[in-house]
Amino acid sequence: MHLLDNTSAGDRLPPTGLNEASSVRQILAEARVPAPSMDHLDELEAQSIYILREAFARLKKLALLWSLGKDSNVMIWLARKAFFGRVPFPALHVDTGKKFPEMYAFRDCFGKEWGLDLRVEPCPPIDAVDPTLPPAARSAARKTEGLKLALAKYGFDGLIAGIRRDEEATRAKERVFSPRGTEGGWDVRDQPPEFWDQFNASPPPGAHLRIHPILHWTEADIWAYTKRENIPIIPLYLAKDGKRYRSLGDQDITNPVASTASNIEEILIELNGTKVPERAGRALDHETEDAFERLRVAGYL
């Protein structure tokens with residue numbers, strides 16, 4: 001293909017059509033100006049918004065799982081952007097009753113400020129959970145049972161969840177649109193291919209899909225986007241007395257890590273130099289090797 005240079009086409013037009021020539025020159029000049037490039041965060045945002053809109057268009061009854069942490073807060077923010085300032089499906093908090101007071105205060109404040117259709121569903125007692133699981137995994141499994149009860153109550157065919165591939169090894173095996181069985185189980189060996197953003201959005205009768213709009217984000221991406229967008233955060237993420245939380249869960253199975261990062265810029269600098277895993281403060285991740293995968297197969301978030 002011949003590419004026009006600065007002296008071709010419009011510059012060689014006959015002088016008899018000056019107005020026409022000027023218009024052609026303008027069109028050609030504009031055509032040579034490259035489109036503005038998207039930076040990394042813009043690309044992530046656009047892809048996540050696309051996933052959210054695909055899920056909303058193709059599934060009948062959606063809910064967004066709101067765990068109150070940094071990832072699901074970014075997900076709420078993206079959903080509000082995707083749907084012009086409002087989230088058109090419920091925000092579901094499966095509540096163990098063991099979150100930090102700061103998390104409940106955040107939920108009550110921003111659930112109202114963001115205009116969410118907030119559904120809070122309690123989890124069953126520990127006695128209802130598989131007794132063969134290690135202690136922290138058994139405590140965490142209450143969320144799985146609570147989620148099953150919420151699914152039966154509301155009949156959701158799609159649950160939007162804020163997990164990321166870089167967060168934990170088992171989650172790296174996930175798909176963007178991930179089918180779950182009728183009991184909420186996840187067959188890690190039977191995951192559909194996802195080529196060219198073509199997603200399987202047809203769950204079997206009685207089953208549901210998990211949709212993961214930020215699966216391709218990293219922990220640093222989450223914090224950089226939170227800073228750029230000025231998204232509110234829970235103060236527990238910032239260092240106090242030499243410690244802060246990188247990942248928030250139940251009080252009895254979540255611990256802070258050593259840190260001096262008192263703002264998001266310092267968090268990003270810290271992440272750039274640390275080799276400590278994000279979930280180092282989660283007791284669940286320090287139990288038996290298969291505990292987390294057993295939970296995920298059974299339907300854990």
Side-chain angles (χ1 to χ4, degrees), residues 41-123 143 146-147 149-164 176-177 201 208-217 221-238 245 247-250 264 301:
L41 293 179
D42 289 330
E43 291 175 357
L44 290 173
E45 179 187 77
Q47 176 70 358
S48 297
I49 285 174
Y50 169 74
I51 291 166
L52 286 163
R53 288 174 175 168
E54 279 288 292
F56 184 66
R58 298 173 65 182
L59 292 165
K60 295 177 180 178
K61 200 166 185 181
L62 274 176
L64 188 153
L65 295 169
W66 192 23
S67 69
L68 315 177
K70 63 185 185 302
D71 299 312
S72 62
N73 292 337
V74 163
M75 206 166 55
I76 294 269
W77 196 266
L78 290 165
R80 293 173 71 220
K81 280 198 169 188
F83 301 106
F84 310 103
R86 60 176 293 271
V87 180
F89 31 74
L92 177 64
H93 179 209
V94 180
D95 187 11
T96 61
K98 293 185 176 184
K99 301 299 183 186
F100 292 89
E102 293 89 340
M103 298 175 74
Y104 289 119
F106 188 94
R107 182 190 71 187
D108 295 343
C109 174
F110 289 99
K112 293 178 181 177
E113 183 170 319
W114 292 338
L116 301 179
D117 175 10
L118 179 60
R119 315 279 179 92
V120 179
E121 294 299 320
C123 297
K143 288 177 66 177
L147 183 57
L149 293 173
L151 281 165
K153 179 178 178 178
Y154 294 110
F156 296 123
D157 62 351
L159 292 174
I160 301 169
I163 69 167
R164 307 187 328 268
V176 176
F177 278 57
H208 71 279
L209 291 177
R210 301 278 174 90
I211 299 95
H212 304 125
I214 59 171
L215 193 61
H216 51 300
W217 294 49
D221 293 332
I222 292 292
W223 281 119
Y225 187 76
T226 297
K227 181 178 184 298
R228 187 186 83 170
E229 299 288 310
N230 198 27
I231 301 172
I233 65 170
I234 294 170
L236 294 170
Y237 285 119
L238 303 178
Y245 289 87
S247 180
L248 290 175
D250 287 354
I264 294 179
L301 306 178

Check: [Y] and [X] side chains under 4.5 Å, non-hydrogen atoms:
X: Ile233; Y: Phe106; answer: no
X: Ile51; Y: Phe177; answer: yes
X: Val87; Y: Trp114; answer: no
X: Ile76; Y: Ile231; answer: no

How long is the straight-line distance from [atom2] of [Y] back to [atom1] of [X], given to the nearest 0.5 Å?
X: Leu65; Y: Asp71; atom1: CG; atom2: CG; value: 13.0 Å
X: Thr226; Y: Trp77; atom1: OG1; atom2: CH2; value: 9.5 Å
X: Glu54; Y: Ile211; atom1: CD; atom2: CD1; value: 11.0 Å
X: Ile160; Y: Met75; atom1: CD1; atom2: CE; value: 7.0 Å
X: Leu159; Y: His208; atom1: CG; atom2: NE2; value: 4.5 Å
X: Lys99; Y: Leu248; atom1: NZ; atom2: CG; value: 8.5 Å

Worksheet item: Is the His93 ring parallel, tilted or perpendicular to the Tyr104 ring (thresholds 30°, 60°)?
Response: tilted

Discussion item. Check the orientation of Trp217 and Tyr225. Use parallel for under 30°, tilted for 30 to 60°, and perpendicular for over 60°.
Written reply: perpendicular

Grab the two heavy atoms, one from [X] and one from [Y], that are nearest each other, plus how far apart they are.
X: Leu64; Y: Ala79; answer: CD1-CB, 4.1 Å
X: Trp66; Y: Gly111; answer: CH2-N, 3.8 Å
X: Cys123; Y: Val94; answer: SG-CG1, 3.5 Å

Worksheet entry | Worked check of side chain to side chain contact (heavy atoms under 4.5 Å, CB included) between Gln47 and Leu44 | CA-CA 5 Å; Gln47 176 70 358; Leu44 290 173; 6.0 Å; no

Could you tell me whether a side-chain N or O of [X] sits under 3.5 Å from a main-chain N or O of [Y], the two making a donor and an acceptor?
X: Arg53; Y: Ala82; result: yes
X: Ser72; Y: Ser67; result: yes
X: Lys61; Y: Tyr154; result: yes
X: Ser48; Y: Pro213; result: yes
X: Asp95; Y: Val120; result: no
X: Asp117; Y: Ala91; result: no

Worksheet entry | Atom NZ of Lys227 with >12 non-hydrogen neighbours under 6.0 angstrom | no

Fill in: Under-4.0 Å salt bridge between Arg80 and Glu229
no

Fill in: NZ/NE/NH1/NH2 to OD/OE distance under 4.0 Å, Arg164 and Asp221
no

Worksheet item: Passes side chain to side chain contact (heavy atoms under 4.5 Å, CB included), Leu116 versus Phe110? Steps please.
Response: CA-CA 8 Å; Leu116 301 179; Phe110 289 99; over 6 Å; no

Discussion item. As a quick check of understanding, evaluate side chain to side chain contact (heavy atoms under 4.5 Å, CB included) for Leu209 and Asp157, giving each step before the final call.
Written reply: CA-CA 6 Å; Leu209 291 177; Asp157 62 351; over 6 Å; no

Item to complete: State yes or no: are the ring centers of Phe89 and Phe156 separated by less than 6.0 Å?
Response: no

Worksheet item: Do Glu121 and Leu149 pass the side chain to side chain contact (heavy atoms under 4.5 Å, CB included) test, and can you show the C-alpha distance, the side-chain angles, and the key distance before you say yes or no?
Response: CA-CA 8 Å; Glu121 294 299 320; Leu149 293 173; over 6 Å; no

